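Step one of this worksheet: look at the structure below.
Counting convention: from 1, in listed order, for ligands and their atoms alike. Just so you know, these numbers come straight off a predicted model, no measurement behind them.
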Amino acid sequence: MKNELTRLLGIEHPVILGGMLQIGGARLAAAVSEAGGLGTLGQRPSLEAWHDEIKKTRSLTDKPFAVNLPMHAAELDKRIEIVIKEGVRIVVTAAGNPKTVMPALHGAGIVVMHVVASVDQARKVEAAGVNVIVAEGGESGGMVARDRVSTLVLVPMVVDAVKVPVVAAGGIADGRGLVAALALGAQGVQLGTRFIATPECEAPDIWKQAIIRARETDTMVVPRGKAQGRVLKEDAAPGQLMAGEIAGMITATEPAAAVIARIMEEVEPAFKKIEEQVRA
Ligand SMILES: Cc1cc2nc3c(=O)[nH]c(=O)nc-3n(C[C@H](O)[C@H](O)[C@H](O)COP(=O)(O)O)c2cc1C
């Protein structure tokens, strides 16, 4: 598939691995990038460990990959220096306005993507100069916004409000999800929960198994520090394991490359089914 987003990011398929704190490491990010998607390296609290993961990702793939940079990360200036020094081409900022870091990132020729949960935020970060906006609905795993606007509502509204390419995130795990996102005006999708249930993800096996067992009703939103996160209700570790509602659709672990290949194979049949109905 080709569109403005795939050309800008230099990727074959518009499927992005969302940054995942601690568990989205080099192995997973590189596997997604090698499969033609965009792997995003998750945050590590330790600067050194994070730097090592960047170097490791680079050693595992020649393809483009991104690095997640939450605006509240410790030693943000040093992280930006590392990203520039290591020649990272794409940064996904999140949590806060990336305005102050834009001159440094753009000055180094880095493409900046930013995750938003409302139309207002989308307008603000577009004004700050970001190149791509990830519109993340409240059904997603990980930290969620207070208002939790759903992906179906948020994506087309963000698409209408901005000029830059939009990526849909939250509640997507298959080709139908990608087709739906395209129908809403997005140019690609970002997945988190689906990629936890892969052998390349560092999450412990109990986490992967809990996602496989979960139904779509088995997540809840709980306070996490000053914000809130979507977690599995799960009896064994209630409220500990983050995952999105789409966990209900995930029934097995699958290598990251197989996830991407399957999503792309499902696009055409899903699209045809729609076309048949529209033309009937
Ligand atoms: C366990 C977990 C940790 C996450 N950590 C981060 C993070 O550190 N930074 C970030 O920008 N997004 C984070 N996310 C959000 C993902 O990048 C992605 O946008 C989201 O998972 C998409 O929704 P889905 O889970 O329904 O696929 C996390 C998600 C999960 C499930």
Side-chain angles (χ1 to χ4, degrees), residues 15-25 28-29 32 37-45 50 53 66-74 79 90-96 98 112-117 121 125 130 132-145 148-152 154-155 166-174 177-178 180-181 186 188-198 201-204 206-208 210-211 214 216 218-222 224-225 227-232 234 237 239-250 256 259-260 263:
V15 180
I16 299 172
L17 157 71
M20 292 192 282
L21 181 71
Q22 296 284 21
I23 60 168
L28 180 57
V32 169
L38 180 73
T40 305
L41 200 52
Q43 190 60 222
R44 306 264 155 161
W50 182 71
E53 288 295 315
V67 168
N68 187 214
L69 207 58
M71 290 298 95
H72 53 59
R79 286 180 198 264
I90 306 161
V91 164
V92 186
T93 53
V112 182
M113 306 173 48
H114 189 88
V115 185
V116 304
Q121 284 174 1
V125 301
V130 305
V132 175
I133 291 176
V134 181
E136 187 184 66
E139 56 267 67
S140 77
M143 305 307 284
V144 290
R148 300 203 290 279
V149 178
S150 70
T151 304
L152 190 67
L154 183 66
V155 172
V166 174
V167 171
I172 298 162
D174 69 357
L178 172 54
V189 289
Q190 171 166 302
L191 284 55
T193 303
R194 173 60 267 190
F195 283 118
I196 298 177
T198 58
C201 179
E202 287 162 59
I206 54 155
W207 198 338
K208 298 177 186 180
I211 286 175
E216 74 285 6
D218 287 337
T219 69
M220 61 183 177
V221 174
V222 296
R224 279 271 170 129
Q228 46 188 7
R230 185 174 291 283
V231 297
L232 292 165
E234 184 71 3
Q240 295 302 308
L241 310 174
M242 295 215 267
E245 290 177 349
I246 200 68
M249 193 190 273
I250 299 162
V259 171
I260 293 179
I263 289 175

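Closer than 4.0 angstrom to ligand 1 sit non-hydrogen atoms from Gly18, Gly19, Met20, Leu21, Ile23, Asn68, Ala94, Glu136, Ser140, Gly141, Gly142, Gly170, Gly171, Gln190, Leu191, Gly192, Thr193, Ile196, Trp207, Met242, Ile246.
Separating the OG1 atom in Thr193 from the CD1 atom in Ile211 is a distance of 5.5 Å, to the nearest 0.5 Å.
Nearest approach of Pro98 to Thr93, heavy atoms of both residues: CB-OG1, 3.6 Å.
Salt bridge present: Arg44 and Glu202 bring a charged side-chain N and a carboxylate O closer than 4.0 Å.
Side-chain atoms of Ile246 and Arg194, non-hydrogen and from C-beta on, never get closer than 4.5 Å to each other.
Remark: side-chain polar atoms of His72 are not paired, donor with acceptor, to backbone N or O of Ala94 under 3.5 angstrom. Using a distance-only test at 3.5 Å, with no hydrogens or angles considered, no donor-acceptor pair links the side chain of Thr40 to the main chain of Asn68.
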